[in-house]
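All values derive from a computational prediction rather than experimental measurement. So that the names make sense, note that chain A is the first sequence line, chain B the second, and so on, each numbered from 1. Computed over heavy atoms, backbone and side chain alike; hydrogens, waters and symmetry mates excluded.
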Amino acid sequence: MAVPDERPDVSGPARVRFAPSPTGSLHVGGARTALFNWLVARQTGGTFVLRLEDTDRERSTPESEAEILRALTWLGLDWDEGPFRQSERDAVYRDAIERLRAAGAVYPAYETEEEVEAQRAAARADRRAPVVRGLRDRSPEEIARLEAEGRRPVWRFAVPLPGETVIDDMIRGRVAFDHAQIEDFVVARSDGTPTYNLAAAVDDLEMGISHVVRGEDHISNTPKQMLVIRALGAEPPVYAHMPLILGPDKKRLSKRHGAASVEDLEMDGFLPQPVRNALALLGWSYDDKTTTFTLDELIERFRISRVSKSPAVFDLTKLGVMNGRFMRSMPPDEFEEALVDYLRKTGYLDERGGGAEELARRSSPLVKRKLTKLSEYDQLAGWLFRPLEMEPDAWDLLQSDVKHSIQAIGGGLGRIETVPTFEPDAVKEVLQDQLHIMGETSAREFLEPQRIALTGQRVSTGLYESLSFVGRDEAVRRYRETLGRLAELWTR
RNA sequence: GCCCCCAUCGUCUAGCGGCCCAGGACUCCGCCCUUUCAAGGCGGCAAUCGCGGGUUCGAAUCCCGCUGGGGGCACCA
């Protein structure tokens, strides 16, 4: 019997990093990358480094950076070092470029944009990889002449030919890249600033990163970065390229798929724990059964070697289920806090004025069991914050059988006016009793009109709790008001 | 066009040569809980393991080809 090909795992304290570029909010894919790196750091007693790759001055913004840090914190992913910004490490890169120059690993390329494009076009036409190679061995005289003309070169990496670079990927196994397929990539722009492949490689080296866990979209950059690191006389870290996260259309998850960033999920009323859980389960599983993990369990059980190689579609419905279950399992006071935080954060409380927070707090037990996500609070409990106001749908329903509606609401009214105590159980008892008295009417037929009479909504917090919550006077008032409106229809 | 990767129910997945004519979860559909909408409980539909060849006594599991999907090919990251 063959030995299962156990893929290696991280052993010993790992130094890992999360290195987003601050050009937008933290996307779901990035969040999962951050989570996996964080888990590796925590489970090995290692270090989680945060680094902002902001070498693109045009697209990087402080707002985006702040949002990424905020979202990471919201997810509970704390970093041990950083945040470092590549924009503040220029000297490090210039020094590295200097060393590459001294080692003869890079050369100044004076080809014009047109020439470069022509090279690519020619290669394509020839059914070859569209790689660019500058003239590697210009004479000092020629260089001097070009410089005198005011030409400023980019610095390209002289990819060794022939040759190949092999990644021993922790997830994918051995992946080889033929150097003929790798162009002489630019390492320093004509203004002297470093490009991504230079900066990332140098940082991973300088920061002593032991394991690079990132999305598969980076895999073709990896040989370039390995080349840079080796040219600098060092050995590259171990790499692990994770499968991408897809939208329902199987394309890479993006904005147009709806909630695609951590911020979107947060504003949509998901809580960090289930989001983390869902993220962990995208491309990773512990066994064939377990679907819920505490953070500690995640730290203990996560293994890069069990990360899947194939991409996964992100399913918001499933997240909703996890979210709902999580909220139902929360201690009441924690749930209340989470709810109020959310309503405050989204401006819901402010819009509703004084007393809104108090009302929301008191109502939290009524919605706890019924929510999938916090953003559904209003459709359940919105009626608490306003005078009786009929949703068109709900009113239509009452109107469809005016006589029956009046009977149901009237029947309920008689009982709630007289029930000795107004606790949910007492209310329930008398309404149950009334239901029996009314004979063939079903619970639904009896209760639905009353729900609408009280809340103006077809879907709401539970009827008995809701009645008790507003108190006898208000309940009776609302029942009567509805009855009055129905009576108008009846006589007409 | 070139390079790289991937391929089990609609979706997320288990599965590492016999335990699998494939297990779990979500969705969907029934039924129960006469507290309705939800939630919860129970049950059901759903993959000839992309296709075709091998290897083997035996393959979802190994090999080859094909097809399909994804990613990458910037003085972006």
Base partner of B:G1, which must satisfy Watson-Crick or wobble distances under 3.5 Å
B:C73

At under 4.0 Å between heavy atoms, what does A:G320 touch on the DNA or RNA strands: base, sugar-phosphate, or nothing?
nothing

Please confirm whether the shortest side-chain N or O distance from A:R151 to OP1 or OP2 of B:C75 is below 4.0 Å.
no

Could you check whether the rings of A:H241 and A:Y239 sit parallel, tilted or perpendicular, using 30° and 60° as the cut-offs?
parallel

Side-chain N,O (A:K289) to OP1/OP2 (B:A14) below 4.0 Å
no

On a heavy-atom basis, which atom in A:Y377 and which in A:S363 lie closest, and how many Å separate them?
OH-OG, 2.5 Å

Which residues in residues 106-119 of chain A have at least one heavy atom lying under 4.0 Å from any atom of RNA chain B?
none

What I want to check is whether an N or O donor and acceptor connect the side chain of A:R59 with the base of B:C76 at under 3.5 Å.
yes

Of the nucleotides B:A38, B:A77, B:G71, which one has an atom closest to the side chain of A:L244?
B:G71

Base B:C75 to side chain A:S190, donor-acceptor N/O within 3.5 Å cut-off
yes

Side chain of A:A443: nearest nucleotide among B:G1, B:C12, B:U34?
B:U34

Taking N or O atoms only and anything under 3.5 Å, show me the protein contacts with nucleotides 61-67 of chain B, one pair per line.
none

Considering every strand and a 4.0 Å limit on heavy-atom distances, what is the contact class for A:R124: base, sugar-phosphate, or nothing?
base

Give me the distances for all protein-to-nucleotides 4-9 of chain B N/O pairs that come in under 3.5 Å?
from, atom 1, to, atom 2, distance (Å)
B:C5, O2', A:R172, NH1, 2.4
B:C5, O2', A:E216, OE2, 3.1

Categorize A:K251 for me: base, sugar-phosphate, or nothing, with a 4.0 angstrom heavy-atom threshold over every strand shown.
sugar-phosphate

When the C1' atoms of B:C9 and B:C29 are compared, how many Å lie between them, rounded to an integer?
16 Å

Would you say the base of B:A77 and the side-chain of A:D54 have a donor-acceptor pair closer than 3.5 Å?
no

Quick test of your reading of the model: are A:K428 and A:D425 salt-bridged, counting only N-O distances below 4.0 Å?
no

Among B:G1, B:G72, B:C75, the nucleotide that comes nearest once only the side chain of A:S220 is considered
B:G72

Within the pair A:R156 and B:C75, is there a side-chain N or O less than 4.0 Å away from OP1 or OP2?
yes

Write out a two-atom table: protein N or O, nucleotide N or O from nucleotides 50-52 of chain B, distance below 3.5 Å.
none

Neighbour count above 12 (heavy atom, 6.0 Å) for A:R57 CZ
no

Result for 5'-nearest mapping on RNA chain B, choosing between A:P153 and A:D178, is A:D178

Quick one: what's the B/S/- string for nucleotides 26-33 of chain B, heavy-atom cutoff under 4.0 Å, read 5' to 3'?
SS------

Could you note down all residue pairs passing salt bridge (charged side-chain N to carboxylate O under 4.0 Å, His left out) where residues 16-32 of chain A supplies at least one of them, sequence neighbours left out?
A:R17-A:D204

Touch class at under 4.0 angstrom, heavy-atom based, for A:R444 against every strand present:
sugar-phosphate

Which nucleotide in the list B:U11, B:A74, B:G72 gets nearest to the side chain of A:R252?
B:G72

